[in-house]
There are 2 protein chains.
Amino acid sequence: MTAKLASATEGVVPRTFAVLETLTRSPEPMRLSALTLRLGLQKSTVHRILAGLIVLGYVQQNTETGCYSATLKLWELGANVITEHPIKRAASGFLQELQRVTGETVSLVIRAGDDVLYLDKMISPRPIRFTTRIGSRVPAPLTAGGKAILAHAADAQAVLARTAASLRDKRRLDVAAVTAELEQVRERGYAMASYQPGVVGFAAPIMTRESDAAAAISVSAPAERVDETGRAAIIEHLLSTCASMAEQVGRL
Amino acid sequence: MTAKLASATEGVVPRTFAVLETLTRSPEPMRLSALTLRLGLQKSTVHRILAGLIVLGYVQQNTETGCYSATLKLWELGANVITEHPIKRAASGFLQELQRVTGETVSLVIRAGDDVLYLDKMISPRPIRFTTRIGSRVPAPLTAGGKAILAHAADAQAVLARTAASLRDKRRLDVAAVTAELEQVRERGYAMASYQPGVVGFAAPIMTRESDAAAAISVSAPAERVDETGRAAIIEHLLSTCASMAEQVGRL
DNA sequence: AACGTCGTTCCGCCTGGCGGAACATAGATC
DNA sequence: GATCTATGTTCCGCCAGGCGGAACGACGTT
């Protein structure tokens, strides 16, 4: 009877979502065999699930290559969730204004487990090799936004420990150093990081009245573009933006 | 045996997506009873499906009210689809530039059945009551973007007929008038509409080499803000943007 | 206290999902 | 061209798991 463990792998529905998750994670359309391999399921099972998803319109199959990919209908489904999200709604105007006055790329992130989730982004008109994308996750301690949030989180140490343990390249996270850094973040009100080489990020938390950070706004720019004065200007704008947004969010 | 008709309503998976669709369409979290009512399903069935979705992390239940809502995990799932979308990727830079030079809100739409689907939007720094949202659909003939696409679509007449039949307020679509208008759109290269009162939209198609429109870019602004010269400037920028984008897309 | 409404749990029936295997098709290798 | 391998699709008997009616429990209302 295979016990009752089955945390969430048995049954059509969990498998259907597993299919969709691997399909959407893949940059390009996937072959049936690749899916079965990754999911560890039977060919016929995956095929049946895909057939169902095609009928529903959430998956399409390239008639030439036979490869499967998720359709925009899946995107539509999710898009409605975010438009109703209170923080994203509240932040929109502030992000836009901050983008305008700094001229750099600004993003809105929230915490999602030990990661940081990019909710929104307004890119700089000036060129920047900035590849984080809306909807993607990054381990919180590696980013400015994540550190801004963790600085005010009760379980920050646990997050650092788990993240350090899970990272491939251990050099990317020095727990002691980041712990000290979080203290600084609390003092001065903003965090810094260079998650991507050549790109510096500054971030400040959106504080709720419970004194923990609901989200963070970050400004990213190529390292060579920000000198000392530019840095000061960015931080000033960033802090005032977050302060006024917190005021508004607090009223909700 | 209830016959083999079951186009897509029987079985857990179709029902699961039906639940998610109604949940995401609703502006606020829904009660179980509201869901069962709208879906025409058994209480226990909906409840079981919701329980499964909660385990998977796609739905959350407010512990106080008991109301159910979709989570950001569902949004993440869909977000990956759009970042890989070729047209959206190609358009990003052009949209940004067009937004900058016109100073108005620009959007990217594609055709989805008889509707137009908003893929991306870059809002004007100037205030505008502009409520169409990314991921939402609008009947194609009512919008500038839709008309720009239909003007080059073989089945435009069929779309007009179906849309006219399905609209609540019949006055919103005059088939004969729009048919004539599409002819004009082909001649001058752009379409106009006022889908929302007080907001005028201009749109031009992104033409592929098959001489049908893959997508359209539109510029929207409050009617009182655009005088005759502003209008001419917007249209000039719009047309040149679409032309250069078509050139790039054609190379893909 | 009795009623109505809602969410949750239980359980027997039986449908529809399951996976092994057969079939089909297309390249690759000799 | 024949054989082989890897892939996608279809078939089918078995039975797990989904199904919905009904009972239960928790609130709120009159």
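Chain letters run A, B, ... following the sequence lines, proteins first and then strands; every chain starts at 1. Hydrogens, waters and symmetry mates are skipped; everything else that's a heavy atom, side chains included, is used.
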Next on the checklist: If I take atom CG in residue B:L50 and atom P in nucleotide C:dC6, what distance separates them, rounded to the nearest angstrom?
Outcome noted: 16 Å
Between the protein and nucleotides 23-29 of chain C, list the N/O to N/O atom pairs that are separated by less than 3.5 angstrom.
none

Item to check | Closest-nucleotide ordering on DNA chain D, the 5'-leading residue of A:G66 and B:S44 | outcome: A:G66
Checklist entry - Does a side-chain N or O from B:Y68 land closer than 4.0 Å to OP1 or OP2 of C:dC6, or not? => result no
Checklist entry - In a check of side chain to side chain contact (heavy atoms under 4.5 Å, CB included) between A:I217 and each of A:D120, A:V109, A:I206, which one passes? => result A:I206
Checklist entry - Heavy-atom distance under 4.5 Å between the side chains of B:F17 and A:T16, does that happen here? => result yes
Checklist entry - For the pair made of CG in A:L41 and C1' in C:dG17, what is the distance, rounded to whole Å? => result 13 Å
Next on the checklist: Whole angstroms only, please: what is the CG-C1' distance between A:L37 and D:dA6?
Outcome noted: 13 Å
Checklist outcome for this item: note: B:H47, atom NE2; D:dG25, atom C1'; distance rounded to Å ~ 13 Å
Item to check | Residue pair B:I123 / B:K121, side-chain heavy-atom distance below 4.5 Å | outcome: yes
Checklist entry - Quick one: is D:dG18 close enough that its OP1 or OP2 comes under 4.0 Å of any side-chain N or O from B:R15? => result no
Next on the checklist: If you only use heavy atoms from C-beta on, which nucleotide in D:dC19, D:dT9, C:dG19 is closest to the side chain of A:Q42?
Outcome noted: C:dG19
Item to check | Of the listed nucleotides C:dT8, D:dG18, D:dG20, the one nearest the side chain of B:Q61 | outcome: C:dT8
Checklist entry - Rounded to the Å, how far apart are B:R31 CZ and D:dC27 P? => result 13 Å
Item to check | Rounded interatomic separation in angstrom, taking CZ from B:R48 and P from C:dG17 | outcome: 13 Å
Checklist entry - Would you say C:dG19 has OP1 or OP2 under 4.0 Å from some side-chain N or O of A:T45? => result yes
Checklist entry - Is the shortest heavy-atom distance from the side chain of A:L23 to the side chain of A:L50 under 4.5 Å? => result yes
Item to check | salt_bridge(A:R25, B:E76) N-O dist < 4.0 Å | outcome: no
Next on the checklist: Rounded to whole Å, please give me the gap between CG in B:L32 and P in C:dG7.
Outcome noted: 5 Å
Checklist entry - With a 4.0 Å cut-off, would you call B:R111 and B:D155 a salt bridge? => result yes
Checklist entry - NA contact type, B:S33, heavy-atom cut-off 4.0 Å: base, sugar-phosphate, or nothing? => result sugar-phosphate
Item to check | Side chains of B:L95 and B:S107 in contact at under 4.5 Å (non-hydrogen atoms) | outcome: no
